[in-house]
Student: 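This is the structure I have questions about; it appears just below.
Computation of the quantities below employed the complete heavy-atom set of this structure, encompassing side-chain atoms and omitting hydrogens, waters and symmetry-equivalent molecules. Residue numbers start at 1 and run along the sequence shown.
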Amino acid sequence: MGESRFPRGRRADAIVAAAAFALDLAELLIRAIGHAPAGRILLVAAGLTVAAAALMARRRHPVATLVIVVAFDLLRGALAGSWSDSISTVSLVALYNAGRYLPVARGWAAGGGAVALLAVPVTVRTGAGGLADELLTNFLVVVVGQLMAGREELTRRHRAQAVEAAVHDERRRIARELHDVVAHHIGVMNALVGAARTTMTRAPEESREALEAAERTAREAMVEMREMLAVLRAEDGTDTGGGEPATAGGVAALVRRAGETGVPAALKVSGAPRPLPPSVDRAVYRVAQEALTNVRKHAGGARTTVHLRYAPDAVGVEITDDGPGSGPPEEGHGLRGMAERVALCGGTMRAAPRPEGGFRVAAHIPLPSPADHDAGAAAPGRPR
């Protein structure tokens, strides 16, 4: 796939670098040809090429990028005459980048120092009259970068709070369901055991059937309670009681355990597995768990396939079965909760009967590109 060789972050950086290069080159050719020696024009064009190429690493190495670009603009100012009286577009991008990807204090220091240096050649050519405006205008670019960084940090925190709220809502729902399961099954078992006690002497066969029904009810209650408690443990990031972690990597054990409880299930994996953000990891596991639970409850022994798909910029999980196809009533509270969880991770989930029969649950969650992960390592503590 093309995106695996050129991820989204790198592609965006290439577009920015190409646009800045094109604008500066156009200005150079328009204003310098006929007013400067060809050798100087070629030297400035070569420096511009290096500076624009440095923008490709602007997320991972913002300080080094700023140094290279400022050095180019100083060279441009030294070689230029009246045909260059403002800083270059690549310098504006590097200044924005300093505010966007550096921690606050380092962003102020690096951006302020660069602005002061970039103002020197302009001041030499045009005089000190416009120095204040030049400094203010260029420093505002750094400020815009920091404002964008702060905005993304707030967005990230709000999303994290929304995910946490969804987890608490899910726990409350599970607590209510656990109460209902316990109350219902204990009531049924009490009635069956009472019936067995009253018929034990005069109708031992009916008594035996009632006790067998009570045993089955108790077994069903234990299975349902175990599944609900596994969900609660999964939210804590611990294993789920069956030994598997509550992550995409634990789906294999989840499928195996489903087979042991009467759901013939198979697992398919497409693409190369990769580490996932914790919230996405748990969401993938929970979608598979909820769907397999619904197959057992609503589709009997239907054959089921769990398909995990790993792509460079997304992960997907699809659960299909060949049962009656009606699915859980009104898609079930659990599936609605899973759809909300997936949405909070930035993804989508669909659950519906299949035209050929059976039911299908499919979730697709986008992932940050490898370049974004590299940017995170370059500037810890700041949003990317």
Side-chain angles (χ1 to χ4, degrees), residues 1-4 7-9 11-12 152-171 173-174 231 234-235 237 240 244-252 254-255 267-295 304-321 327-328 330-354 359-373 375-376 383-384:
M1 294 176 60
E3 290 190 354
S4 63
R8 279 183 305 178
R11 188 166 62 247
E152 187 167 336
E153 173 68 10
L154 287 176
T155 301
R156 185 190 64 79
R157 289 182 181 179
H158 289 161
R159 177 167 290 184
Q161 291 170 357
V163 170
E164 186 176 353
V167 169
H168 289 317
D169 290 343
E170 182 77 359
R171 288 189 172 207
R173 180 188 67 81
I174 293 170
V231 172
E235 302 300 348
T240 62
E244 72 274 10
T247 64
V251 171
L254 185 65
V255 170
L267 175 66
K268 292 173 58 179
V269 179
S270 300
R274 57 176 286 193
L276 303 175
S279 59
V280 176
D281 231 1
R282 287 194 292 269
V284 169
Y285 181 90
R286 286 287 290 115
V287 169
Q289 184 182 49
E290 184 70 29
L292 288 170
T293 298
N294 285 331
V295 172
T304 305
T305 299
V306 178
H307 192 175
L308 279 175
R309 295 184 176 91
Y310 292 91
D313 59 353
V315 64
V317 58
E318 180 184 64
I319 303 91
T320 56
D321 67 74
E330 299 180 1
E331 290 191 358
H333 296 293
L335 284 181
R336 286 202 296 272
M338 288 307 97
E340 293 172 3
R341 179 190 292 264
V342 170
L344 288 170
C345 293
T348 57
M349 191 185 101
R350 302 177 69 88
R354 298 193 300 162
F359 202 78
R360 174 179 178 268
V361 177
H364 178 87
I365 304 175
L367 299 174
S369 68
D372 294 334
H373 285 299
R384 275 93 203 164

Student: Is the backbone N or O of Gly271 less than 3.5 Å from a side-chain atom of Arg309, with the two atoms forming a donor-acceptor pair by type?
Tutor: no

Student: At what distance, to the nearest 0.5 angstrom, does NE2 of His307 lie from OG1 of Thr305?
Tutor: 9.5 Å

Student: Can you name the one residue among Glu318, Met338, Arg282 that meets side-chain contact (heavy atoms from CB on, under 4.5 Å) with Val287?
Tutor: Met338

Student: Does some side-chain heavy atom of Leu308 sit less than 4.5 Å from a side-chain heavy atom of Val317?
Tutor: yes

Student: For Ala283 versus Cys345, what's the shortest heavy-atom pair and its separation?
Tutor: CB-SG, 4.2 Å

Student: So how far is it from Gln289 CD to Ile319 CD1, rounded to the nearest 0.5 Å?
Tutor: 11.0 Å

Student: What residues, two or more places apart in sequence or in another chain, satisfy side-chain contact (heavy atoms from CB on, under 4.5 Å) together with Pro273?
Tutor: Val269, Tyr310

Student: State, to 0.1 Å, how close Ala311 and Arg274 come at their nearest heavy-atom pair, and which atoms those are.
Tutor: O-NH1, 3.8 Å

Student: Only one of Asp281, Val280, Leu276 passes side-chain contact (heavy atoms from CB on, under 4.5 Å) with Thr247; say which it is.
Tutor: Asp281

Student: Output the distance between atom CD (Glu290) and atom CG (Asn294), rounded to the nearest 0.5 Å.
Tutor: 5.0 Å

